[in-house]
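Only one structure is covered here, and it is reproduced in the block below.
Everything quoted here is computed from the prediction, not taken from an experiment. In what follows, chains carry the letters A, B, and so on, assigned in the order in which the sequence lines appear, proteins first and then strands, with residues in each chain numbered from 1.
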There are 2 protein chains.
Amino acid sequence: MKQEQRNTGLDRETVVRKLREHGITPTQQRVEIATVLFERPQHVCADQVLAQVNAVESLVSKATVYNTLGLFAKKGLIREVLVDPARLFYDSNMIPHHHMYHTDSGMLEDVAPGQVQLGALPEVPEGMVIEGVDVVIRVRRI
Amino acid sequence: MKQEQRNTGLDRETVVRKLREHGITPTQQRVEIATVLFERPQHVCADQVLAQVNAVESLVSKATVYNTLGLFAKKGLIREVLVDPARLFYDSNMIPHHHMYHTDSGMLEDVAPGQVQLGALPEVPEGMVIEGVDVVIRVRRI
DNA sequence: TTCTGTGCTAGACTTTGTCTAAACGCAATA
DNA sequence: TATTGCGTTTAGACAAAGTCTAGCACAGAA
Ligand SMILES: [Mn+2]
Ligand SMILES: [Mn+2]
Ligand SMILES: [Zn+2]
Ligand SMILES: [Zn+2]
């Protein structure tokens, strides 16, 4: 891969620190991908990341994009969002929140956690922990 | 396709009536698929339906299984469940409920709606309606 | 310098699901 | 009876998301 700076609000330092804080070795490619992801809170799928990262020149391979997104999700840097049966979205906004999905347009919006009152959760089986609670409100045009 | 009776608790009459009630023309294949689905409330993906329907002898093609599951979902006979990014599950239990998904084993359990207190939902944009609210509690072994 | 481990890569491959074009089934008409 | 029409089914080609493999690069340790 070639290397060149991307003009964004995030400097390399900040991104590298963020990766280190999550126990991730900050390679050239991972920094490149993280820079795209954290430019702003967003919902993106693998191919969009691949396209954005390689917009100017080819910097990262498909395999690495998939591997890296998987790694970031496992390490708690980003979050998987399941709304479209055809592809997996990743959410670079880790502040707890829910989603509103527009089934006809494919649009995905954040919903502040306060807007959905989640009361008592069910008993979790012995020896198990809750990894997360996903609430998706599916809406469509009348 | 060949035709032959399947020994199940559900008789053909009941299934045919159910399809008609939802505005679906009860063809041989649709009845076959519905019989598998409604033997008991369950979560199944397309290939499981394909396999079950054709267990004894080839009764329904792949294309028809996919088309029919899509049709049934659209007509409100069954419900899509998105928990596994690799495949779409269908739920033959239409009584409103939520889900607990065991991420390591792939197991999917029902959660009674009373066990999750969903308070106020967010404002829905003008001209849109809520199609459904899906709550998935992801759990894993400690 | 050589060895070792981690990461990256192209491209083959797998799997889920969709599409197409032809054939089928059946009822209504001629 | 023959014909037409329409919705349905079908095999198999196809598309797209995602995974896997085998080789290479590179850094640090010995
Ligand atoms: Mn995409
Ligand atoms: Mn399956
Ligand atoms: Zn979000
Ligand atoms: Zn269920």
Side-chain angles (χ1 to χ4, degrees), chain A residues 1-4 15-16 19-20 22-36 43-54 57-75 77-78 80-90 103 106 108, chain B residues 1-4 15-16 19-20 22-36 43-54 57-75 77-78 80-90 103 106 108:
Chain A
M1 87 168 244
K2 299 274 202 61
Q3 67 185 90
E4 185 158 329
V15 173
V16 167
L19 295 186
R20 289 229 166 83
H22 285 81
I24 296 168
T25 307
T27 65
Q28 200 49 242
Q29 290 83 347
R30 287 169 183 170
V31 171
E32 219 54 62
I33 291 169
T35 301
V36 164
H43 307 113
V44 279
C45 64
D47 322 6
Q48 291 174 300
V49 173
L50 184 64
Q52 281 189 55
V53 147
N54 296 323
E57 49 183 331
S58 189
L59 297 174
V60 188
S61 73
K62 185 176 75 158
T64 297
V65 168
Y66 277 94
N67 289 341
T68 301
L69 290 172
L71 178 70
F72 285 4
K74 196 182 79 184
K75 297 289 192 174
L77 219 79
I78 58 178
E80 297 182 346
V81 183
L82 265 144
V83 285
D84 179 344
R87 65 187 133 263
L88 185 53
F89 282 86
Y90 291 93
T103 51
L108 184 59
Chain B
M1 86 167 246
K2 298 275 202 59
Q3 68 184 90
E4 185 157 329
V15 173
V16 166
L19 295 185
R20 289 230 167 83
H22 286 80
I24 296 168
T25 308
T27 66
Q28 200 49 242
Q29 290 84 345
R30 288 169 182 170
V31 170
E32 219 54 62
I33 291 168
T35 301
V36 163
H43 307 114
V44 278
C45 63
D47 352 338
Q48 290 174 302
V49 173
L50 184 63
Q52 280 190 56
V53 147
N54 296 323
E57 48 182 332
S58 189
L59 296 174
V60 187
S61 73
K62 186 176 75 157
T64 298
V65 168
Y66 277 94
N67 289 342
T68 302
L69 290 172
L71 177 70
F72 284 5
K74 197 182 78 182
K75 296 289 192 173
L77 220 77
I78 59 178
E80 296 182 348
V81 183
L82 265 143
V83 284
D84 179 343
R87 66 187 129 264
L88 184 54
F89 283 86
Y90 291 93
T103 51
L108 184 58

Between atom CZ in B:R30 and atom P in C:dG25, what is the gap in whole Å?
-> 16 Å
So, for A:V15 and A:A34, which heavy atoms are closest and what is the spacing to 0.1 Å?
-> CG1-CB, 3.6 Å
Rounded interatomic separation in angstrom, taking CG from B:N54 and P from D:dT10 = 9 Å
Tell me: CG of B:L82 to P of D:dA17, nearest whole Å?
-> 16 Å
Of all heavy-atom pairs between A:T35 and A:V31, which one has the smallest distance, and what is that distance?
-> OG1-O, 2.6 Å
Check the distance between C:dT16's P and B:L50's CG and give it to me in whole angstrom.
-> 11 Å
Scan B:T27 against the nucleic acid and name what it touches under 4.0 Å (heavy atoms): base, sugar-phosphate only, or nothing.
-> sugar-phosphate
Rounded off to whole Å, could you give me the CG-to-C1' distance for the B:L69 and D:dT9 pair?
-> 15 Å
For residues B:L82 and B:L88, report the shortest heavy-atom separation together with the two atoms involved.
-> CG-CD1, 4.1 Å
Compare every heavy atom of A:Y90 with every heavy atom of A:A73, then report the nearest pair and how far apart it is.
-> CB-CE2, 4.2 Å
Atom-pair distance (CD on B:Q48; P on C:dT15), nearest Å = 15 Å
Starting at atom CD1 of B:I33, determine the distance to atom C1' of D:dT10, rounded to an integer number of angstrom.
-> 13 Å
Nucleotide D:dT8, atom C1' - distance to CG of B:L59 in whole Å = 16 Å
Can you name the atoms? Protein N/O to nucleotides 18-25 of chain D N/O, anything below 3.5 Å, with the distance.
from   : atom 1 : to    : atom 2 : distance (Å)
D:dG18 : OP1    : A:L88 : N      : 2.9
D:dG18 : OP2    : A:Y66 : OH     : 3.3
D:dG18 : O6     : A:K62 : NZ     : 2.9
D:dT19 : O4     : A:K62 : NZ     : 3.4

According to a strict under-4.0 Å criterion, is A:T64 in side-chain N/O contact with OP1 or OP2 of C:dT9?
-> yes
Side chains of B:L50 and B:V60 in contact at under 4.5 Å (non-hydrogen atoms) | no
Side-chain N or O of B:Q29 less than 4.0 angstrom from OP1 or OP2 on D:dT10?
-> yes
Taking every non-hydrogen atom, the tightest pair across B:R30 and B:F72 = O-CZ, 3.7 Å
Specify the closest pair of heavy atoms between B:L108 and B:H43, including all atoms of both residues, with the distance to one decimal.
-> O-ND1, 3.5 Å
